[in-house]
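One structure below.
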Amino acid sequence: MVHSGLLKKLTLVVIGMFAFAFALVPLYDVFCDVTGLNGKPSLEAANASQNMVNTRSVDVSFTTHSQQSAPFEVKSHQYSVNVKPGEMAEVKFSAKNMSSQARVMQAVPSVSPGKAAKYLHKMACFCFDQQAFEANQEVEFTLVFYVDTELPEEIEELTLSYTVFDISESTARSTVEAKQQAG
């Protein structure tokens with residue numbers, strides 16, 4: 001067997017590639033934590049703040065964009081708000097289904113700088129749930145949030161960004177599969 005050495009090497013390469021691919025997500029999370037990139041805030045409703053810092057304020061700005069061909073237009077009614085850490089704030093967002101068909105939207109938030117993500121607490125957010133829209137329907141959402149009093153002093157401004165996805169097809173597939181399993 002002249003090729004057994006080559007076969008062993010190729011098998012090790014395949015195993016190594018699989019291990020690398022498997023470890024990629026945790027490695028990416030560690031990289032983001034270290035560099036402060038791609039802040040992922042919690043997708044669960046927070047409890048109300050009990051404290052407020054009156055001697056400091058933080059600018060929170062909002063951006064939205066639709067991923068690829070998602071037929072949604074989402075925008076905040078305010079570009080930014082100035083809040084005191086611990087102070088509850090409300091910001092209105094408008095979302096419109098620009099297509100002539102019923103669609104389902106999912107908004108995925110991120111915070112910049114990334115290390116500020118754990119200090120932004122949302123009590124009400126359209127990102128917590130999938131949002132169903134009729135054709136050409138426009139809906140108004142309210143974001144209720146506060147910035148934690150433990151936010152590091154060097155962070156004076158942060159950006160809450162939403163990427164909007166059209167998940168209509170995956171939602172329809174899940175519904176069909178659930179019906180098939182039930183019946």
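All values below come from the heavy atoms of this structure, side chains included, with hydrogens, waters and symmetry mates left out.
Summarising the local packing, CD of Glu138 is surrounded by more than 12 heavy atoms from other residues, nucleotides or ligands at distances under 6.0 Å. Heavy atoms of other residues, nucleotides or ligands lying less than 6.0 angstrom from CD of Gln67 number more than 12.
Looking at every heavy atom in both residues, Val104 comes nearest to Asp166 through O-OD1, 3.4 Å. Taking all atoms of both residues into account, the shortest heavy-atom contact from Ala70 to Ser66 is O-CB, 3.7 Å.
Residues Tyr162 and Phe93 place their aromatic rings such that the two centres sit under 6.0 Å apart.
A heavy-atom distance below 4.5 Å is not found between the side chains of Phe145 and Glu90. Contact annotation: the side chain of Pro71 approaches that of Arg103 to within less than 4.5 Å [non-hydrogen atoms, C-beta and beyond]. Side-chain contact between Val58 and Leu158 is present, with at least one heavy-atom pair separated by less than 4.5 Å. Looking only at side-chain heavy atoms (C-beta outward), Asp148 and Leu120 stay at 4.5 Å or farther from each other. Between Val60 and Val147 the shortest side-chain heavy-atom distance falls below 4.5 Å. Within the 4.5 Å cutoff, the side chain of Asn82 has heavy atoms near those of the Ser57 side chain.
Note that CD of Gln106 is 5.0 Å distant from CD1 of Ile167, once rounded to the nearest 0.5 Å. From Leu143, atom CG reaches atom CZ of Phe62 across 6.0 Å, with rounding to the nearest 0.5 Å. We find the NZ-CG distance between Lys122 and Leu160 to be 6.5 Å, quoted to the nearest 0.5 Å. The line from CG of Leu6 to OG1 of Thr11 is 9.0 Å long, rounded to the nearest 0.5 Å. Rounded to the nearest 0.5 angstrom, His65 NE2 and Ser161 OG are separated by 5.5 Å. Of the inter-residue distances, the one linking Phe128 atom CZ with Met123 atom CE reads 9.0 Å to the nearest 0.5 angstrom.
Hydrophobic cluster membership is shared by Val83 and Ile155, with clusters built from Ile, Leu, Val, Met, Phe, Trp and Tyr side chains linked at under 4.5 angstrom.
In terms of the salt bridge (charged side-chain N to carboxylate O under 4.0 Å, His left out) criterion, residue partners of Glu153 (sequence neighbours excluded) are, by chain and number, Arg56.
Between Glu140 and Lys96 there is no salt bridge, since no side-chain nitrogen of the basic residue lies less than 4.0 Å from a carboxylate oxygen of the acidic one.
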Determine all donor-acceptor pairs shorter than 3.5 Å in which one atom belongs to a side chain in residues 74-81; sequence neighbours excluded.
unit_1, atom_1, unit_2, atom_2, d
Ser76, OG, Gln78, O, 2.6
His77, NE2, Ser94, OG, 2.6

Test side chain to side chain contact (heavy atoms under 4.5 Å, CB included) on Met105 and Phe133 and set out the steps. CA-CA 8 Å; Met105 174 186 92; Phe133 288 81; 3.9 Å; yes
Does Asn97 form a side chain to side chain contact (heavy atoms under 4.5 Å, CB included) with Phe72? I'd like the steps, not just the answer. CA-CA 5 Å; Asn97 175 5; Phe72 299 104; 4.1 Å; yes
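When only modelled atom types and interatomic distance are considered, Ser61 and Thr159 share a side-chain donor-acceptor pair under 3.5 Å.
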